[in-house]
Amino acid sequence: MTNAMPPWDGNVAKARRLQTELAAQVRLVDDYPPLKHVAGVDVGFEESGAVTRAAAVLIDAQTMAPVAEVVARQATRMPYIPGLLSFRELPALLQALSELPQVPDLVFVDGHGVAHPRRLGIAAHLGVISGLPTIGVGKSILVGVHEEVGPHRGDRQPLEYKGEVIGCVLRSKDRIRPLIVSPGHRVSMATAPELVLAFGRKYRLPEPTRLADRLASQRGTVRR
DNA sequence: GCGACAG
DNA sequence: ATCTTGTCGC
C-alpha cells in the first residue's frame with residue numbers, strides 16, 4: 001500500500017491537486033490475476049452520520065458464494081463533497097478490506113472509477129493506494145453524457161466527458177435503470193462492464209456490491 | 001454568475 | 001448516505 005489517507009484539513013483545492021497526482025498512477029490494463037476471490041465494498045452511516053460503517057464481503061469467484069464478511073466502524077471525519085467522496089469513505093473502507101482473511105484478486109467498489117472530473121473516483125483511488133485491481137459500479141452519474149441505452153441486459157452506451165470515454169452506462173437487467181461502470185485500476189475500459197455482467201444476473205447490482213451494500217446499510221440483518 | 005453534483 | 005409502508009410490476 002503506497003500512501004495512506006491524509007487527514008482532512010478542509011482544503012478542497014489541495015485535495016483536488018492530490019487527486020490529479022494519484023490519477024497519473026492509474027493503469028487501465030487488464031493485468032489482474034486469475035480470479036479466485038473477488039470482494040465487494042461499500043459504506044453506510046450510523047448515529048446520524050457521526051459514525052462511518054464500512055463493509056467488505058469476500059466472494060468465491062466460482063460459486064459466487066460469500067466466504068467472509070467484515071464491518072469496520074470509524075468516526076466520520078469529513079462531510080460529503082461531490083468529487084471528493086474517497087477522502088470521506090476510503091479510511092474506513094481500507095480498514096474493512098485489511099481485515100478480510102484473504103486478499104481479493106479484484107474489488108468491486110460502490111461509486112465511480114475513472115468516471116470522475118479528475119479521473120480519480122473512489123474505485124480508482126482505492127486501486128492506486130492499495131495496488132489492487134478495482135472496478136467502480138455507480139448508480140448515478142457524477143460527470144459525463146451518453147446516448148439512450150437499449151432496454152435489455154447487456155445493452156450499453158459509452159459515457160463521455162470532455163471528448164473522452166470515461167466509462168459505460170450498462171443495463172444489467174432488462175428494463176431496469178442502468179449502472180454506471182468504469183474501471184478503477186488494473187482493469188480495462190472494455191473489460192469492466194464484462195466483469196460486472198459476469199458477476200451478476202438476477203439483481204441490478206453485481207453480487208459483490210449487492211452483498212456489501214446490504215451489510216453496510218444494516219439491511220440484510222435483523223432490523224425492525 | 002448560474003446550475004450540476006458518486007455516496 | 002439517511003428518514004420510511006405499502007404497493008405496483010416482472
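Source: prediction; values computed, not measured. Letters go in sequence order (proteins before strands), and every chain restarts at 1.
- For A:Phe87 and B:dA6, the CZ to C1' distance is 14 Å, given to the nearest whole Å.
- Note on A:Ile122: a base of the nucleic acid sits closer than 4.0 angstrom, heavy atoms only.
- Under the stacking criterion of a centre-to-centre distance below 5.5 angstrom and an interplanar angle below 30°, A:Tyr80 is not stacked against the six-membered ring of C:dA1.
- Residue-level contact check: A:Gly121 touches the bases, meaning some heavy atom is under 4.0 Å from a base atom.
- A:Ser188 and A:Asp30 are linked by a side-chain donor-acceptor pair at a separation below 3.5 angstrom, with hydrogens and angles left out of the test.
- Taking atom CZ of residue A:Arg204 and atom C1' of nucleotide C:dG9, one finds them 17 Å apart after rounding to whole Å.
- Here B:dG7 presents its C1' atom at 13 Å from CG of A:Leu205, a figure rounded to the nearest Å.
- The separation between A:Leu142 atom CG and B:dA6 atom C1' is 5 Å, rounded to whole Å.
- Here A:Gly83 lies in heavy-atom contact (under 4.0 Å) with a base.
- Between A:Arg53 and A:Glu47 there is no salt bridge, since none of the side-chain N atoms of the basic residue sits less than 4.0 Å from a carboxylate O of the acidic one.
- Look at CG on A:Asp42: it is 8 Å from C1' on B:dG7, rounded to the nearest Å.
- Looking at the side chain of A:His116, the nearest of the listed nucleotides B:dG7, B:dA6, C:dT2 is B:dA6.
- Across A:Arg118, A:His125, A:Arg119, a single residue satisfies side chain to side chain donor-acceptor pair (under 3.5 Å) together with A:Gln19, and that is A:Arg118.
- For the pair A:Arg88 CZ and B:dG7 P, the computed distance is 13 Å after rounding to whole Å.
- Between A:Arg118 atom CZ and B:dA6 atom P the separation is 13 Å, expressed in whole Å.
- In this structure, A:Asp105 does not pair ionically with A:Lys36, as no charged nitrogen and carboxylate oxygen lie closer than 4.0 Å.
- For the pair A:Ile176 CD1 and C:dC8 C1', the interatomic distance rounds to 12 Å; values are reported in whole Å.
- Contact between the side-chain N/O atoms of A:Ser140 and the OP1/OP2 oxygens of B:dG7 is found at a separation under 4.0 Å.
- Salt-bridge check for A:Arg214 with A:Asp42: failed, with every basic side-chain N at 4.0 Å or more from each acidic carboxylate O.
- Contact annotation: A:Lys139 reaches the phosphate of C:dA1 (side-chain N/O to OP1 or OP2, under 4.0 Å).
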